[in-house]
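Let me begin by presenting the structure, written as structure tokens, before commenting on it.
Keep in mind that this is a model prediction, so the values were computed, not measured. Just so we're on the same page: letters track the sequence lines, and every chain starts at 1. Keep in mind that the numbers below use all heavy atoms, side chains included, and drop hydrogens, waters and symmetry copies.
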Amino acid sequence: MLSILSGSDSSRSYCDARSRRSFLKLGGLTFGTTSLGLADLYRAEAAQGKGSSHKAVIQIFLGGGPPHQDMWEIKTEAPSEIRGEFHPIPTNVPGIQICEVFPKLAGMMDKSVVIRSIIGCKDRHDSFQCMSGWLQEDLRSIGGRPSIGASVTKLRGQVDPSVPAFVGLAEKSSHVQWSDCGGPGFLGASYSAFRPDGPGLDNMKLNGLTLERLQDRKQLLISLDRLRRDIDTSGIMAGMDSFNARAIDVLTSSKLVDALDLSKEDPSIVARYGDGKPYQYQYDGVATRNDHLLVARRLIEAGVRVVSLSFGRWDSHGKNFDLVRDHGGKLDQSLSALIEDLSQRGMLDDVSIVVWGEFGRTPKINANAGRDHWSQVSCAYMAGGGIRAGQAIGATNRLGEHAVERPVHVQEVLATLYHNLGINVSNTTLVDPTGRPQYLVDREPLRELM
Amino acid sequence: MPTVMRDCNFFSSEPMANATRRRASPRLAESGRNVVSVPERRTYVVTANAIGLAPCRFRKACFSAIVLFFVMSTVVSAANNRPNPLTPAENTLRFESFDSQPVVLLGSDARRQCLVSETSSDGLMLDRTRSVTYRCKEPDIVECDATGYIKPLRDGQVTLIAKDASGLEVTLQIEVRQWANDPAVSFSNQVVPIFTKLGCNSGGCHGKAAGQNGFKLSLLGFEPREDFIHLVKESRGRRISPAVPDQSLLLAKTINAIPHGGGQRLEKDSHEYRLIRRWISQGMIYGDENAATVASLQIVPDQRRMRPMTSQQISVFATYSNGIVEDVTRTVQFESNDLDMAEVTNSGLVSIKDLAGQVAVMARYQGQVATFRAAVPLVGEMHDWPEATNAVDVAVIEQLRRLNIPMSELCDDPTFLRRATLDLAGRLPTLDEVRSFLADTTNDKRDAVIDRLLASEDYADNFANKWMLILRNRRDKPTQQSGTFAFYRWIRQSLADNRPYNQFVRGIVTASGAIDMHPPVAWYRNVSDTNSRVEDSAQLFLGQRIQCARCHHHPFEKWSQVDHARLSAFFSLVRSKPGLTPDEPTIYSEVGKPTTPHPKNGQPLEPAGLDGPVIAMANEQDPRHALVDWMVEPSNPYFARSLANRYWKHFFGRGLVEPEDDLRVTNPASNPELLDALANHFVASQFDLKELIRFICRSKVYQLSSQANASNIRDRKCHSRFYPKRMSAEVLLDAIDHATLSTTTFDEMPDQTRAVCLPDTAFNSYFLTLFGRPQASTACECERTTESTLAQSLQLANSKELQAKLAADQARPAQLANDLQRSDNEKIDELYLVIFARLALDEEKRISIDYLNDKTDKKSAFEDLVWALMNSKEFVFNH
């Protein structure tokens, strides 16, 4: 495949190092920085197969609580000890201005929505509320509320039998709640996320076995495994049999392991996302893993429905502005790469992205040039999933203390995600262990985004 | 001796005299014999057999008199075309009526669901309600539709005639009175049930806490006073138009004349619509405060033997506190407890599908519940039944006999040894145990195995694991370790000493003091607020899930908020103060009066057990002792039953009541007689847990094979065979270690600690979490998941952990490979004895030896063999 940018055909090149013939041959399908030729496009489409048509969600959790007044709504009319160091920059949607640390995202405001008035947050450092919409106390006695990933796994099942429906990417942090990708709640451990670390991932690669030996073992098992299946009244035997078969599939051709392997991705795309290094301000939180956003896209192509990851440690009790410059710049790079990537692959309408944290931060800057916890209002950034993009919803008061315009509850955001997945929250229930049907969330999706 | 048979009066429980029962015809015996103390309908049936068996002179005199009466009544009935109560057995089509004729309908709202049935030649009562045609002899007094539902049209007396396809007719006398007398519609008794029936006040719509679109009703109609205020007074009374009732929002929205989010719930001019309209036009009266409330509910018929793919119409009667009885068939809510077996429509037609077994249909109305039980026997020839060993066998065999489901054979010795060792001791039997058991020729060797296992330390380990998880022995911080370990040791020691269960529960519920001296205080540390303590105790020790009743009347049970409050009063004085360390508080019960505020009006409520008397306590008494006293009384219906059910589930994989801690009227046991037998035995033995286990394990039912025959393959609840169950996570890990001769190490525990012996939940084992070991966050055994997942299969098939166990130099495959003394034959036998507790079949030996001979690397060949055996279902399942 000939890349316009490769300039290899120099013998017949004109001054701009391209020949007309090569341009025509290609069909001109190489835009921007991704070298996607027609053949590749067809191949990619075929490879996606079912995957490209399934709806998915990427939850990007900004652990620690990002400062809402330094992200998507600079409080220009507030005094300097509240406004801080940042200036707003215009975006490609007239009338919406976001923080100057997000120049690339400003260029794609027309594909996204910023919500500046998230309410209902609990002043607690964990991802539970962002992942499920509820607090941990809710239904604790029967196991707690399931996160969106677990609910979707239960309601929709897997797209591909050898690919789990719910994957949590964040590596375990010291403060474990920041790397919590969302638990199964009362649905039980079988609906936990697949976490590609430790034993879960190890088991998907052959451990000290050759494929041939595995096949031998499988044959031996089939000939010796004689217990009648129909005597089982619980259905577990049938389940084990079917998963045993799939396990062999996974070991012989692992779509999932490939999706997690970035060496299989085009290096220029990997470079576009960046790697988020050097990791700064990490302490007991999660690093700024730009590459995880790329892995998320690959996982969705492989058939995962909900990918949940954590990005950075935004708990800026000190050095707030340096932290936001660092984390914000990296988020800008990787998130804009993700949105652009999805958009070019035609996946943006199927994949909903939400970027938010557990609460906002204090308007008044403290003595360490930082901001403290502020759960009265928070913010969120959404893209994809077929929402009506190019909007800024809600507003806080002059000093950024509370929401004055269109307060949006945390559960409304989750309801919107469910809606984008094709799940109607007003009539979908999950049966809990006591036999009682439970609704997913208690609120309706945001009308402005429909 | 009367030869005219009269069954029990519907409302009384007089059993028939034994003598008359023996003389009953086969038809009647069927409905009478196996039913103990169930009220039956009154019917008049002549038994030709009874007459024929009359030997003595006195009876012969009666016989002649009867014959004379018989002849005369036949003549009379032929003239009047009435059902002759003395006709011979052939004419068995009849109206089932629980009260005497004429049936009285009072007022224009009264209704009656008729039941017409016929007795088949094999003794089953078949429902003919919808297969007969109805007509009235006198016109315009009642209207009877094709389903036998009668509605009065005006005062008068009428004869309803039902005619079946063959032309046979039966009649029913009906009288309508006070039709024109428009009684005041009672809001709570007539209007609110409509909302419940239509689902308006369900948790999905207006019944939820926030209401729906600004209109809130109390959940399932438990607070009619509040509903009245919401409907009539709220929002300046805009929901009702007294002047033009049809234009009321209440009615217009219900029929969707005005857009209604819930859609159309009623047809215009339906009975419910007209009732609500009448209520409005009468001035929206609430009704008498002391108006009659529903005291009880009965279903007629309340049980039946039925064939598969047939249906039965049931009718429901409500008895009010003022004695009035009303047919409420179309206003109650019906629910089947097993949709695979039976479905029920809104009008009470129960349709049985094609599975054999027992199924219950519940009717719920105004907080009362009644149950209809259908037994669907297997069609086919009658089977033989083995002799019962003990009361467990008696109850199970009785049910199987009634349902005509054959029992499987007893299991063979290897299966029994493996099953008992897994269930009692939580491990696989050792090679020596297997060899000596198989060689043993004594008659009672199985009983000896049970006794040996019960006396072993492994029994205490296994059951301590079970109990400590539901007693929430969680370690969240390292500093809690001494407490959790102490609690575990206390539990284990109680089981090893066979402490009576009532003392065990008392030790936990009344725990006070510091954790080092009184380890059960750890339960109070983990279950840290009063509501959780109440709900956990109720769930664990009484099998009642009363969580719902905290906020509103329990939707499926009869527990109200007051019941929940009274139960929590026992715990209302429990306090904690800092103990030796900040993480181990000292628990005590304060001196004072234990009360809980009434959830609605704040009045102090004194403690009372569920359905128990209010207990007045002196200030210095620990009210928790009173709670335990109430629990352990032999007459307490929940304590022994819930433990018996829990232990039944441990051995059989399925409780008699499922879920095992949810015993309620609307969730009947699959075999109530068996549950009673277990509970009674348990109480009689002074709550001896080992004795209960012995009672269960010595029965034939426990020792049945899991192999099914064609007839009982579909039985899932009647225990005609053993249902295989997957080994729990801990037992599976230990079994793998046993099979491969390896060990798993756990943090901070001595080497050789088995997974089943782990004292709390803080051990990070991917394997254990993967296979469902609970985190002890709840009191429910359902927290342990047994579902299969892809990750489990990958773990068993391919994990590093398993590979290491297989490939270790000291592991069994290596040992077998390096053993040059013995033949492959002997080695295979040993492998099968270790893993399956049996010898290999010839076929299996052939396959294994072929495989071994095929490979040059003997060690890896044995690894493959052991791998294959461990991945087979026979290993992973306790069958």
field: Proximal component of B:Arg654, with respect to chain A [non-hydrogen, under 4.5 Å]
entry: neither

Portion of A:Phe186 that has a non-hydrogen atom of chain B nearer than 4.5 angstrom: neither

task: Using modelled atom types only, decide if a donor and an acceptor are shared between the side chain of A:Arg213 and the backbone of B:Ser860 within a distance under 3.5 Å.
output: yes

task: Decide yes or no on salt bridge (charged side-chain N to carboxylate O under 4.0 Å, His left out) for A:Asp232 and B:Lys873, but give the supporting numbers first.
output: CA-CA 11 Å; A:Asp232 177 36; B:Lys873 300 297 168 297; over 6 Å; no

- prompt: Taking the side chain from B:Asp864 and the backbone from A:Arg217, do they hold a donor-acceptor pair closer than 3.5 Å?
  reply: no

Engaged part of B:Glu863 at the chain A interface, taking heavy atoms whose separation is under 4.5 Å: both

task: To the nearest 0.5 Å, tell me how far A:Leu224 CG sits from B:Leu869 CG.
output: 5.5 Å

query: By a 4.5 Å heavy-atom criterion (distance strictly below it), what part of B:Val876 contacts chain A: side chain, backbone, both, or neither?
result: side chain

- request: Counting only heavy atoms closer than 4.5 Å, note whether A:Leu227 contacts chain B via side chain, backbone, both or neither.
  value: side chain

query: Under a 4.5 Å heavy-atom cut-off, does chain A meet the side chain of B:Leu841, its backbone, both or neither?
result: side chain

message: Using modelled atom types and a 3.5 Å cut-off, is there a donor and acceptor pairing between side-chain atoms of A:Arg228 and backbone atoms of B:Ser706?
response: no

- prompt: Considering only heavy atoms from C-beta outward, does the side chain of B:Leu796 approach that of A:Asn244 to under 4.5 Å?
  reply: no

- request: Would you mind checking which part of B:Gln803 comes under 4.5 Å of any heavy atom in chain A, side chain (CB onward), backbone (N, CA, C, O), both or neither?
  value: side chain

message: Less than 4.5 Å to any heavy atom of chain B: does that hold for the side chain of A:Asn427, its backbone, both, or neither?
response: neither

message: With a 4.5 angstrom heavy-atom cut-off, is it the side chain or the backbone of B:Lys717 that approaches chain A, or both, or neither?
response: neither

